[in-house]
Student: 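Here's a structure for you.
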Amino acid sequence: DDRGQVLGDLAAGDTPLLSVSRQGGVDGLSSEQLAAHLVKRYLNVPRARVPTICFVFQGSVASATGGGITRLLDLMQSAHSAGYRTILIDRSEPWSLGTWPDAYRALRACCDVHLPILQGLKPLIIKELAELLKTEPDRLPKGFAPLGKPMADHLANALRRDVSERSSSPLLEARIDPQFLTIAATITNLLRAEVVITNYLWSAPLHDLLLPTTCGLLDTHDIQSLRARVFHEAHEQLGADAVPDPAKYDVDEEEELRLLSKAQALMTISPAEQDFLAERVAPSRLVLVGLAARAGDQLPPAPDDSAEILFVGNIYEPNVDGISLFLDRAWPEVIAAIPQARIRIAGRICDALQRFSHLPGVALLGPVEDLESCYRQAALVLNPVRFGTGASVKLVEAMAFGRAVVTTPAGLRGYEEAADAEAVRLADPEAFGEAVIALLRDPAARHALERAAHRFATERLHPARVHAGLFNFLESRLFY
């Protein structure tokens with residue numbers, strides 16, 4: 001980082017320390033030399049005395065924002081605490097890891113080994129791995145030939161972009177990355193990883209290439225065909241402003257189930273997803289793994305006279321629609337009643353909200369590394385979405401920080417018990433302004449919500465409770 005402190009080790013055995021530039025260079029190495037260095041790194045990971053879980057994430061942890069990365073970090077923390085060795089395979093570029101150094105340090109506290117696959121070097125990495133398997137075939141078990149072909153052939157096909165399966169869905173066609181998935185599968189096989197957890201439906205083809213001794217799980221994050229259905233309904237009922245182009249999310253349910261069948265087991269994020277899949281696949285292949293709240297000490301209560309409001313979100317249609325509707329219709333009402341009210345909006349969603357930047361009391365912060373500081377200042381946290389699927393990371397996060405949350409019924413999906421426990425204030429989108437004004441004027445009610453939210457997160461969403469099913473499943477596969 002800028003202070004010369006080490007963020008995390010990406011070295012390969014006795015390879016000298018390399019310096020990276022934020023402009024995208026590594027000590028003047030050529031692309032071929034850097035690819036060779038990375039493959040050496042993959043090969044030099046020592047065997048562990050404890051089982052290894054490889055997390056494969058077809059994205060970059062350097063961005064450090066969004067629900068997908070939050071969930072990845074959450075699961076890695078639990079796996080590390082449970083005594084597993086944790087390895088992350090992703091698409092981070094070394095020169096981007098210093099952008100948010102503290103976020104990367106937090107990741108590496110629970111990530112024992114980080115093996116990045118650089119997007120621009122994939123063909124060179126494939127060539128290095130293919131040559132290795134040709135000269136050292138004993139690196140993999142004798143006779144191992146997934147789908148009837150040795151791994152070297154799969155690497156060659158990926159290099160030629162010769163993919164046997166094509167998707168009818170533009171979404172999947174764009175997001176399935178055969179080169180990344182084939183490299184990642186080769187790495188996990190070379191490591192003889194006991195467990196591989198991949199993320200999102202588009203990671204499914206990797207599971208065809210795993211060793212038969214590997215327990216492969218796919219974390220769905222969301223049921224894509226179900227999301228497509230919900231988005232089309234929102235387009236029809238709420239209009240094109242809510243979902244301008246629902247067709248870009250189209251995924252055929254039959255194709256999704258066929259892809260999901262490639263993994264030994266599926267991790268679902270909410271009871272609704274669990275129920276949806278339980279009607280379509282063997283329940284024994286399903287593991288409900290919700291979002292955990294890593295609630296430490298509750299943040300100090302917001303000052304009684306605070307009128308600070310917070311919204312956190314990525315660019316995603318339900319987020320853009322919900323907060324836009326609030327700023328358009330409810331915010332003038334709030335400002336008229338409480339002129340000192342301020343709303344701070346954090347996350348990449350700010351790029352889609354520039355038309356509101358002139359409104360009084362509106363601050364567009366953009367991506368923020370230290371979200372805790374934003375929550376610390378907030379008297380209220382909003383979750384005004386009108387539709388959606390999956391689970392709400394921002395809801396769980398706000399409760400973990402012990403903040404008063406105003407949410408719609410759609411924003412509460414999967415956590416309806418929080419309303420029963422009076423840990424959130426529920427309001428319809430049309431009455432959101434009234435609910436915000438009432439809570440800003442009633443600090444006692446706000447503080448009661450803060451305490452109830454933190455208590456709910458601590459008792460109901462503790463990682464040991466939320467992730468117990470996953471580790472029970474893994475133990476049944478690995479040790480019995």
Side-chain angles (χ1 to χ4, degrees), residues 35 39 42-43 45 52-58 87 89 115 117 121-169 172-220 224 251-267 280-282 284-286 477-478:
V39 171
Y42 307 153
L43 300 176
V45 176
T52 292
I53 300 181
C54 275
F55 291 86
V56 179
F57 186 74
Q58 192 178 307
I87 294 178
I89 300 173
L115 303 176
I117 299 172
L121 298 183
K122 289 183 301 185
L124 294 173
I125 293 172
I126 287 174
K127 289 179 181 178
E128 289 278 342
L129 288 171
E131 184 62 28
L132 169 81
L133 294 180
K134 197 177 296 182
T135 57
E136 301 181 47
D138 292 343
R139 288 272 189 175
L140 293 176
K142 186 176 181 180
F144 175 59
L147 301 179
K149 291 187 282 190
M151 282 304 300
D153 286 1
H154 289 290
L155 287 164
N157 289 344
L159 186 62
R160 296 193 302 267
R161 300 183 183 275
D162 179 12
V163 182
S164 58
E165 294 183 84
R166 292 291 180 185
S167 174
S168 60
S169 162
L172 295 182
E173 189 67 19
R175 296 197 180 185
I176 293 176
D177 183 345
Q179 291 190 343
F180 174 84
L181 296 176
T182 306
I183 294 170
T186 304
I187 295 171
T188 63
N189 291 339
L190 290 169
L191 296 175
R192 309 293 175 98
E194 287 85 357
V195 180
V196 172
I197 297 178
T198 69
N199 291 269
Y200 298 103
L201 174 63
W202 34 93
S203 70
L206 177 147
H207 291 265
D208 280 334
L209 307 179
L210 294 178
L211 291 170
T213 54
T214 298
C215 178
L217 297 93
L218 190 153
D219 187 358
T220 59
Q224 301 301 317
V251 173
D252 178 69
E253 181 180 315
E254 185 176 335
E255 180 179 13
E256 180 167 30
L257 293 174
R258 180 182 59 77
L259 286 169
L260 292 176
S261 70
K262 297 176 182 292
Q264 289 184 30
L266 306 173
M267 296 162 55
R280 294 160 173 82
V281 302
S284 60
R285 293 181 56 229
L286 301 178
R477 294 296 191 275
L478 298 179

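Hydrogens, waters and symmetry mates play no part in the numbers below; they use all other heavy atoms, side chains included.
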Student: Name all residues meeting the side-chain contact (heavy atoms from CB on, under 4.5 Å) criterion together with Lys122; count only those two or more places apart in sequence or in a different chain, and write none if there are none.
Tutor: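 With neighbours one apart ignored, the set is Ile117, Gln119, Asp177, Gln179, Phe180, Ile183.
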Student: Any chance you could lay out the side-chain hydrogen bond (donor to acceptor under 3.5 Å, both in side chains) test for Glu255 and Ser168, step after step, and finish with the verdict?
Tutor: CA-CA 8 Å; Glu255 180 179 13; Ser168 60; 3.1 Å; yes
Student: Have a look at Thr182 and tell me which of Ile187, Ile126, Leu206, Leu155 forms a side chain to side chain contact (heavy atoms under 4.5 Å, CB included) with it.
Tutor: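 So, applying the side chain to side chain contact (heavy atoms under 4.5 Å, CB included) to Thr182 and each of Ile187, Ile126, Leu206, Leu155, only Leu155 qualifies.
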Student: Considering all heavy atoms of both residues, which atom of Arg477 and which atom of Cys215 are nearest to each other, and what is their separation?
Tutor: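 Closest pair (atom of Arg477, atom of Cys215, distance): CG-SG, 4.1 Å.
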Student: For a quick test of reading the model, state the closest non-hydrogen atom pair linking Ala204 to Leu259 and the distance between them.
Tutor: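 Looking at all heavy atoms of both residues, the closest pair is CB-O, 3.3 Å.
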Student: Is there a donor-acceptor contact under 3.5 Å linking the side chains of Ser203 and Gln58?
Tutor: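 Checked: Ser203/Gln58 side chains show no N/O donor-acceptor pair below 3.5 Å.
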Student: So do Leu210 and Asn189 actually touch side chain to side chain, heavy atoms under 4.5 Å?
Tutor: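 Contact flag for Asn189/Leu210 side chains = yes.
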Student: Using atom types as modelled and distance alone, determine if a side-chain donor or acceptor of Glu256 lies under 3.5 Å from a backbone N or O of Leu201.
Tutor: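 Not a single qualifying donor-acceptor pair exists.
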Student: What residue pairs, at least two apart or across chains, pass side chain to side chain donor-acceptor pair (under 3.5 Å) with a residue in residues 125-137?
Tutor: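 Found Glu136-Arg139.
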Student: Regarding Arg280 and Glu253, does a basic nitrogen lie under 4.0 Å from an acidic carboxylate oxygen?
Tutor: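 Salt bridge: yes.
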Student: My understanding is that only residues two or more places apart in sequence, or in another chain, count here; which of them pass ring-ring contact (aromatic ring centres under 6.0 Å, His included) with Tyr200?
Tutor: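 Applying ring-ring contact (aromatic ring centres under 6.0 Å, His included) to Tyr200 gives Trp202, His221.
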Student: Is any side-chain heavy atom of Thr186 closer than 4.5 Å to a side-chain heavy atom of Tyr42?
Tutor: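 No; the side chains remain at least 4.5 Å from each other.
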Student: Please determine whether side chain to side chain contact (heavy atoms under 4.5 Å, CB included) holds for the pair Leu217 and Val196, giving the CA-CA distance in whole Å, both sets of side-chain angles, and the decisive distance to 0.1 Å.
Tutor: CA-CA 6 Å; Leu217 297 93; Val196 172; over 6 Å; no
Student: Which heavy atom of Leu115 sits nearest to which heavy atom of Ile87, and what is that distance?
Tutor: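 Result for this residue pair: CD1-CG2, 3.9 Å.
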Student: Would you name the heavy atoms of Ile176 and Pro205 that are closest together and state the gap between them?
Tutor: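 Closest approach of Ile176 to Pro205, heavy atoms only: CG2-CG, 4.1 Å.
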Student: Using side-chain heavy atoms (C-beta onward) and a distance below 4.5 Å, is Leu133 in contact with Leu190?
Tutor: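 A side-chain contact exists here, since the closest heavy-atom pair is under 4.5 Å.
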Student: Would you mind reporting whether Met151 and Leu140 have side-chain heavy atoms less than 4.5 Å apart?
Tutor: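 Yes, at least one pair of side-chain atoms sits under 4.5 Å.
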Student: Side chains of Leu478 and Val195, heavy atoms from C-beta outward: is any pair under 4.5 Å?
Tutor: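 Leu478 vs Val195: side chains touch.
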Student: Which of these passes side chain to side chain contact (heavy atoms under 4.5 Å, CB included) with His207: Leu181, Leu260, Thr214, Leu218?
Tutor: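 So the option named by the test is Leu218.
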